[in-house]
Amino acid sequence: MRSAEVGRVDPSLAGREVRLVGWVHRRRKLGGLSFVDLRDRSGVLQISIGPEWSSPETIEAAGSLGPEDVIRVRGLVQERPEEARNPDMATGDMELRATALEVLNRARTPEIPVYLPPEEELPSEKLRLRHRVLDLRRGELQECLALRHRILLAVRRYFDRRGFLEIETPILTKPTPEGARDFLVPSRLHRGEFFALPQSPQLYKQLLMVAGLDRYLQIARCFRDEDLRADRQPEFTQIDVEASFVEPGDIYRWCEGLMAELAPLAGIGAETPFRRMSYRDAIESYGSDRPDLRHGYPIADLTPVLGELGSTILRRAVAEGGRIRGLRLSGGSRLTRRQIGGIEDAAKAAGAPGLLWAKISEGGATGPLGRFFGDDTGARLGMEAGDLLLAAAGGDRVTSPALAAARSAAISALAPPMVVEDAWLWVTDFPLFEEADDGALAANHHPFVQPHPDDIHLLDSDPLSVRGMAYDLVYNGTELGSGSIRPHDAELQTRILGLLGVEPDEIAVKFGFLLEALGSGAPPHGGIALGADRLVAQFAGRASLRDVIAFPKTTTARASFEGAPTPVASDELAALGIVPK
RNA sequence: GGGGCUGUAGCUCAGUUCGGUUAGAGUGCCGGUCUGUCACACCGGAGGCCGCGGGUUCGAGUCCCGUCAGCCCCGCCA
């Protein structure tokens, strides 16, 4: 139907006759002359219609056009008159003088505009999701999906060159006993029994390792029936990788090589090797297991200096076994009390009772904490006039998240220059277990993590201090992926499940197939799962995953374009053995 | 499960503080004039369940209660 793409029309085509197709982007009528901006995926081009070169039928057809009508145009490509060129438009030196124009389909007046005038706000996200096909016509979103395609294509090529096989694992799987809620699928042939949609292909990829398919890749769709966030969808895509006979360093190198290859697709940097930091150091220095290292401002232990001051709050916190930790912000005293209040609010939202602060000036220190300062307190903390100190006192479980939130809020408020623009980081040696609210052991990551060899003897005596051979890939404070070396010994895997409180008969029923496989000669193996949606969103500079997913769900887990989920007739449910409540 | 913000014309938003004539603007849409526009310009017109339900009041877009939807966050997300 077409002989050229709209966005590819350039001076080399001048004088040639072409046929173009696309959507009416905008229209301008000047009486005898009129202009139609024609849009296809490749761009926008001005079509000019005038009595000197267009037939009366063409002029009449052009006069009837509305926005988003689908048309086909034939005409001569021309360089525009010198004075009529538009330097703000990619094809602004060119135009097509239409000799024939055919309406392929009419569009009703669009519910949301595809063309947005400068400085016009986007329609509300509610409407953008409801009218998704119109929203997706905007070049901005098409570019996000194109970037996603290029990234996933490069991922496949990268791993293919290294001998990985892409292998599809089941979508109808076995419900998993722990972790996120499963989406369940009723079995018609086995009434009262259910499949689950996979939360990840974790166990299947381990089984593939046992099967000897020692390098596995899958661009895998995963499902979790949990509440959403801007960076969490119920249905998402993982770049799932597993390999046999590997150590963490092998995984790091593969991923670093991959990121170095992907980053240029989005014009960002990925200098390898990436920095590595233990989980323990990350929490100590940044209060978070995914610190944003584009900026400095590490957390410091200020107990030796501040514990001596005359503040009862601080003295009591130290006496109760806590520490005083804080952030030294150079130049931070220019923040207003209101801004500091905003930072404190962030710390409170993260669970701190409050945040203490001191502004350092030539004359001394001010603020709720500054008033306790002695003459040399500032100097002993290594602080200068113009600096701001933010401090929290108490147990690390309170101060770490509080100071992480405060650090992030302070960086937003101060907007200091970045130390690096692209901060890549491996966070390593995650603890194997964490303490659940009821005091029981819970898996920190998942139950399929190999304990660190130096700590394995502590499994029974001090399980909470056992490090796992687990690692996260962090980019600019966002967790892009998570992986580990897995236990390949059935006995050890059984022991870990037991420590997690899974009863022996339950282990047999739920993990029997895994343990049976591990006992059949499983190789040492490990891998990682990278969040494809998050990766693309980060690379595209998007805050929401919705912008890199063609048909995303809303925050309440609805599909508002197609209208799902929907009720199902009771006879259909009955056929599945389900009785609605 | 909890907290916050938002909901007024097709779209983006004023108006809600302190209840009071006929709810406005820009843009889009419809009609007209216009031969080099590109946020075209100009003239005219249509377009409103003020998310929905209830309450208070002589009177509610505005106050109260509930509810629905969208967004952000906490919990949750092995």
Side-chain angles (χ1 to χ4, degrees), chain A residues 25-37 44-54 59 63 66-68 78 80-89 91-92 95 97 108-131 134-135 176-182 199-200 202-203 222-234 236 345-346 348-351 401 405 430 432-434 436-437 441-449 468 470 479 482 484 496-497 500 502 510 529 531 543-544 546 553-558 560:
Chain A
H25 195 51
R26 302 166 60 207
R27 215 159 55 101
R28 294 175 292 280
K29 288 179 67 179
L30 287 79
L33 257 192
S34 68
F35 302 98
V36 171
D37 285 347
V44 175
L45 176 73
Q46 172 167 287
I47 312 297
S48 63
I49 296 104
E52 291 167 33
W53 57 86
S54 308
I59 292 170
E68 303 307 311
Q78 302 255 329
R80 294 195 201 177
E82 200 67 47
E83 69 283 0
R85 299 191 173 185
N86 183 348
D88 298 329
M89 196 172 171
T91 60
E95 68 179 4
R97 295 198 168 181
R108 64 176 178 277
T109 301
E111 288 81 1
I112 59 171
V114 177
Y115 163 76
L116 288 173
E119 289 168 42
E120 181 79 1
E121 296 280 325
L122 275 179
S124 71
E125 191 136 17
K126 184 182 184 172
L127 292 168
R128 289 180 50 208
L129 292 171
R130 173 67 188 82
H131 306 289
L134 292 173
D135 198 35
T176 49
E178 287 190 65
R181 269 184 290 269
D182 287 319
Q199 298 182 25
S200 91
Q202 176 64 35
L203 296 182
C222 305
F223 308 86
R224 292 179 190 174
D225 189 8
E226 293 291 347
D227 288 1
L228 285 74
R229 291 284 188 284
D231 62 352
R232 262 168 31 197
Q233 283 272 314
F236 59 101
D345 288 344
K348 283 180 177 171
F430 276 76
L432 203 58
F433 302 111
E434 62 186 7
D437 293 335
L441 284 185
N444 181 58
H445 185 56
H446 58 51
F448 314 107
V449 176
E479 181 202 315
S482 198
S484 67
I496 291 170
L497 290 168
L500 289 167
V502 188
K510 290 172 174 165
S544 169
R546 291 184 296 272
K553 305 290 185 283
T554 68
T555 313
T556 53
R558 283 190 174 278
S560 56

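Computed from a predicted structure; not experimentally measured. All values below were derived from every heavy atom in this structure, side-chain atoms included, with hydrogens, water molecules and symmetry-related copies excluded. Chain letters run A, B, ... following the sequence lines, proteins first and then strands; every chain starts at 1.
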Between CG of Leu228(A) and P of C76(B) the distance, given in whole Å, is 16 Å
Open item on the list: Please tell me if Arg546(A) has a side-chain N or O lying less than 4.0 Å from either OP1 or OP2 of C72(B).
Closed with: yes
Note to self: When you measure from the side-chain N and O atoms of Ser34(A) to the phosphate of U37(B), is any distance below 4.0 Å, counting only OP1 and OP2?
What the structure shows: no
Residues at least two apart in sequence or cross-chain that pass side chain to side chain donor-acceptor pair (under 3.5 Å) with Ser560(A), listed by chain then number, are none
- Task: Confirm from the modelled atom types if Arg27(A) and U37(B) form a donor-acceptor pair under 3.5 Å, side chain to base only.
- Result: no
The ring-ring contact (aromatic ring centres under 6.0 Å, His included) partners of His131(A) (sequence neighbours excluded) come to none
Taken to the nearest whole Å, CD1/Ile47(A) to P/G36(B) is 19 Å
Side chain to side chain donor-acceptor pair (under 3.5 Å) filter on Arg224(A), not counting sequence neighbours, yields none
Sorted by chain and number, sequence neighbours left out, side chain to side chain donor-acceptor pair (under 3.5 Å) with Arg97(A) holds for Glu95(A)
- Item | Nearest-angstrom distance, P atom, U8(B) to G44(B) | 29 Å
Glu68(A) CD to C29(B) P, in whole Å, measures 11 Å
> Given the C1' atoms of U21(B) and C58(B), what is the spacing between them in whole Å?
Replying inline: 15 Å
Taken to the nearest whole Å, NE2/His25(A) to P/U37(B) is 19 Å
Sorted by chain and number, sequence neighbours left out, salt bridge (Lys or Arg N to Asp or Glu O under 4.0 Å) with Glu434(A) holds for none
Using nucleotides 31-35 of chain B, report all nitrogen or oxygen pairs with the protein that are shorter than 3.5 Å.
unit_1, atom_1, unit_2, atom_2, d
C34(B), N3, Lys29(A), O, 3.3
C34(B), N3, Gly31(A), N, 3.0
C34(B), N4, Gly31(A), N, 3.4
U35(B), OP2, Leu30(A), O, 3.3
U35(B), OP2, Gly32(A), N, 3.1

### Query
Do the side-chain N or O atoms of Arg232(A) get closer than 4.0 angstrom to the phosphate oxygens (OP1, OP2) of C76(B)?
no
Separation of C38(B) atom C1' from Asn86(A) atom CG, nearest Å, is 5 Å
Which of A69(B), C76(B), C71(B) is nearest the side chain of Arg558(A)? It is A69(B)
Self-check item: C5(B) versus C50(B) - spacing of their P atoms, nearest Å
Solution: 23 Å
Of the listed C77(B), C71(B), U37(B), the closest approach to the Arg224(A) side chain comes from C77(B)
inquiry  = When the P atoms of G4(B) and C64(B) are compared, how many Å lie between them, rounded to an integer?
reply    = 14 Å
Side-chain atoms of Arg229(A) come closest, of A69(B), G36(B), G75(B), to G75(B)
Of the candidates C72(B), U37(B), C77(B), the side chain of Ala180(A) sits closest to C77(B)
In B/S/- notation (B base, S sugar-phosphate only, - none; protein heavy atoms under 4.0 Å), nucleotides 8-15 of chain B written 5' to 3' is --SSS---
Is the shortest side-chain N/O distance from Ser560(A) to OP1 or OP2 of G70(B) below 4.0 Å?
no
For Phe223(A), the ring-ring contact (aromatic ring centres under 6.0 Å, His included) test, sequence neighbours excluded, returns none
Taking atom P in both U22(B) and G28(B), compute the distance separating them and give it to the nearest angstrom. 31 Å
Quiz item: Taking OP1 and OP2 of U37(B), is either one under 4.0 Å from a side-chain nitrogen or oxygen of Arg85(A)?
Solution: no
Residue set satisfying side chain to side chain donor-acceptor pair (under 3.5 Å) with Gln78(A), at least two apart, ordered chain then number -> none
Side-chain contact check for Pro81(A): nearest option of G36(B), C38(B), C74(B) is G36(B)
With the side chain defined as heavy atoms from C-beta on, Glu226(A) is closest, among G7(B), C76(B), C38(B), to C76(B)
